[in-house]
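This report refers to the structure that appears directly beneath it.
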There are 2 protein chains.
Amino acid sequence: MRRILLYRGSLLQLQALGVKRVYSYTLGKETGISAQQVRKDFSEYKIKGNQRGGYRVDELISEMENIFYKKGSQNIIIVGRGNIGSSLANYDNFIQRQINIVATFDIDPSKQRIRSEIPVYTMERMEEIIDRFGVRTAIIAVPDMAAQKVCDQLLGYGINGIINFAPVILKVSEDIIINNVNLSDEIESVIYCVSLTENECPE
Amino acid sequence: MRRILLYRGSLLQLQALGVKRVYSYTLGKETGISAQQVRKDFSEYKIKGNQRGGYRVDELISEMENIFYKKGSQNIIIVGRGNIGSSLANYDNFIQRQINIVATFDIDPSKQRIRSEIPVYTMERMEEIIDRFGVRTAIIAVPDMAAQKVCDQLLGYGINGIINFAPVILKVSEDIIINNVNLSDEIESVIYCVSLTENECPE
DNA sequence: CATTAGATGTGAAAAATATAACTATAAAAA
DNA sequence: TTTTTATAGTTATATTTTTCACATCTAATG
């Protein structure tokens with residue numbers, strides 16, 4: 001699944017460049033995945049290619065939209081308009097992916113003065129906005145201490161998917177989808193790998 | 001490996017709360033990993049616990065520092081002082097993890113006027129700073145189009161680990177460690193899972 | 001039109017990963 | 001001191017994931 005997203009990302013870029021067809025090998029190189037793996041993944045979803053000319057880019061993309069059940073754009077919200085919340089609100093790449101940030105929220109009323117395309121509301125208006133825009137997925141970008149409280153609140157308003165940038169594990173029921181993005185971990189994993197290659201085969 | 005990072009994150013939090021011992025079960029619950037898996041991971045690294053009293057938190061943390069070859073803090077830099085670059089520069093959690101951002105760089109000289117703990121330099125001073133602080137790992141937080149160029153530049157200055165926030169796959173030699181963090185993917189994977197549970201068992 | 005090069009498609013093997021089941025042990029309780 | 005109990009430690013099993021090998025097909029080429 002992570003791979004399907006990678007494929008789609010690359011394909012959208014290729015499409016923007018006007019590329020019409022790709023080979024499993026090419027797409028693999030773009031995404032850091034082996035050609036065989038690419039083909040296997042496609043065959044999993046019954047996606048057929050042309051046995052000499054590779055796969056059609058537009059066909060692949062539309063197949064992937066199907067996989068995602070993604071009909072048009074998705075409305076999501078961001079809770080916490082601090083540094084991370086703001087950078088997400090201004091992130092260009094979401095447009096291409098049809099991710100539509102309809103609103104952000106912050107407990108601090110002064111944040112409402114922020115000038116931006118994406119509005120900043122106080123926490124009180126969360127339920128209203130979620131209902132109005134049919135939001136199912138939310139991003140938590142608040143400090144550690146507040147994350148669980150915000151999470152509970154969101155679930156109360158019917159949210160069932162959360163991307164959590166706070167470095168805490170949120171307690172939620174089984175049926176809620178949580179994706180924890182821990183920026184420290186992302187960096188440390190690289191630091192670790194680098195140190196490994198430098199201290200090659202330590203006894 | 002991802003799990004070791006999760007354990008360490010939880011353990012650091014527990015330590016900050018004054019907790020002295022943990023059970024495999026407890027730590028598993030914190031990190032969303034099964035207790036057996038936790039024990040298996042620890043036994044992999046020859047980490048011993050007490051068969052009734054669980055594991056000592058401080059011992060676990062120091063064992064993990066060993067696993068990471070992490071002696072003291074790591075100096076890293078951020079290239080690109082836009083939204084993402086800035087939020088990373090201001091991210092509190094790095095201190096606890098001993099990740100030390102020594103400098104940020106931006107092509108736009110006006111960014112140097114940013115008031116912050118972490119200095120903003122022009123691209124020209126990159127090599128100098130990398131040398132002075134012994135930096136091995138860098139974060140790329142520049143727009144798509146600039147990412148590959150910045151990457152090549154960094155590698156030229158001896159960087160061998162990169163965390164890339166630009167939604168492109170960077171072309172680098174085998175021995176360079178790259179971690180691509182694609183925020184759109186993180187969000188879309190949740191959107192996908194949510195839609196899956198809603199359209200339960202589609203024929 | 002036959003040939004060939006360069007792709008895909010797929011089933012089997014291999015490797016990695018996770019789960020389960022069980023044993024051993026230390027601490028607490030009786 | 002004996003018994004119980006809760007937890008670590010380990011081996012075996014199952015599952016998932018990846019890789020390999022090769023058959024198959026299609027488009028270009030002479």
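Numbers restart at 1 for each chain; the letters A, B, ... are given by sequence-line order, proteins then strands. Because only heavy atoms are used, hydrogens play no part in the values below, and waters and symmetry mates are left out as well, while side chains stay in.
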Report which part of the nucleic acid [X] touches: base, sugar-phosphate, or nothing (heavy-atom distance under 4.0 Å, all strands).
{"X": "G49(B)", "result": "sugar-phosphate"}
{"X": "F42(B)", "result": "nothing"}
{"X": "I33(B)", "result": "nothing"}
{"X": "R3(A)", "result": "sugar-phosphate"}

Proximity to the side chain of [X] - top-ranked nucleotide from [options]:
{"X": "Y23(A)", "options": "dC20(D), dA7(C), dA8(D)", "answer": "dA7(C)"}
{"X": "K40(B)", "options": "dT18(D), dT11(D), dA8(D)", "answer": "dT11(D)"}
{"X": "K48(A)", "options": "dT19(C), dG9(D), dT10(C)", "answer": "dT10(C)"}
{"X": "Q51(B)", "options": "dG9(C), dA26(C), dA7(C)", "answer": "dA26(C)"}
{"X": "S43(A)", "options": "dA26(C), dT26(D), dT10(C)", "answer": "dT10(C)"}
{"X": "R52(B)", "options": "dT10(C), dG9(D), dA26(C)", "answer": "dA26(C)"}
{"X": "Q37(B)", "options": "dT25(C), dA18(C), dT8(C)", "answer": "dA18(C)"}

Nearest whole angstrom, please: distance from the [atom2] of [N] to the [atom1] of [X].
{"X": "Q36(A)", "N": "dA12(C)", "atom1": "CD", "atom2": "C1'", "answer": "13 Å"}
{"X": "M1(B)", "N": "dT17(C)", "atom1": "CE", "atom2": "C1'", "answer": "15 Å"}
{"X": "R21(A)", "N": "dT8(C)", "atom1": "CZ", "atom2": "P", "answer": "10 Å"}
{"X": "Y25(A)", "N": "dG9(C)", "atom1": "OH", "atom2": "P", "answer": "19 Å"}
{"X": "R56(B)", "N": "dA8(D)", "atom1": "CZ", "atom2": "P", "answer": "15 Å"}
{"X": "I47(B)", "N": "dG9(D)", "atom1": "CD1", "atom2": "P", "answer": "10 Å"}
{"X": "D41(B)", "N": "dG9(D)", "atom1": "CG", "atom2": "C1'", "answer": "13 Å"}
{"X": "L27(A)", "N": "dA7(C)", "atom1": "CG", "atom2": "C1'", "answer": "14 Å"}

Open item on the list: Can you tell whether the side chains of K48(B) and E59(B) come within less than 4.0 Å, N to carboxylate O?
Closed with: no

It should be established whether [X] places a side-chain nitrogen or oxygen under 4.0 Å from OP1 or OP2 of nucleotide [N].
{"X": "S24(B)", "N": "dA8(D)", "result": "yes"}
{"X": "S34(A)", "N": "dT18(D)", "result": "no"}
{"X": "N50(A)", "N": "dA27(D)", "result": "yes"}

For the [atom1] atom of [X] and the [atom2] atom of [Y], what is their distance to the nearest 0.5 Å?
{"X": "I101(A)", "Y": "I78(A)", "atom1": "CD1", "atom2": "CD1", "answer": "3.5 Å"}
{"X": "I191(A)", "Y": "Q74(B)", "atom1": "CD1", "atom2": "CD", "answer": "4.5 Å"}
{"X": "D175(A)", "Y": "N160(A)", "atom1": "CG", "atom2": "CG", "answer": "7.5 Å"}

Task: Contact summary for V120(A) and Q112(A), nearest pair of heavy atoms - done: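 Closest approach of V120(A) to Q112(A), heavy atoms only: O-CG, 3.3 Å.
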
- [ ] Could you tell me whether R39(B) sits above the aromatic face of F42(B), with NZ or CZ closer than 6.0 angstrom to the six-membered ring centre and within 45 degrees of the axis?
- [x]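 No.
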
- [ ] Starting from the 5' end of DNA chain D, give me the residue, R39(A) or G53(A), whose nearest nucleotide shows up first.
- [x]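 The residue closer to the strand's 5' end, by nearest nucleotide, is R39(A).
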
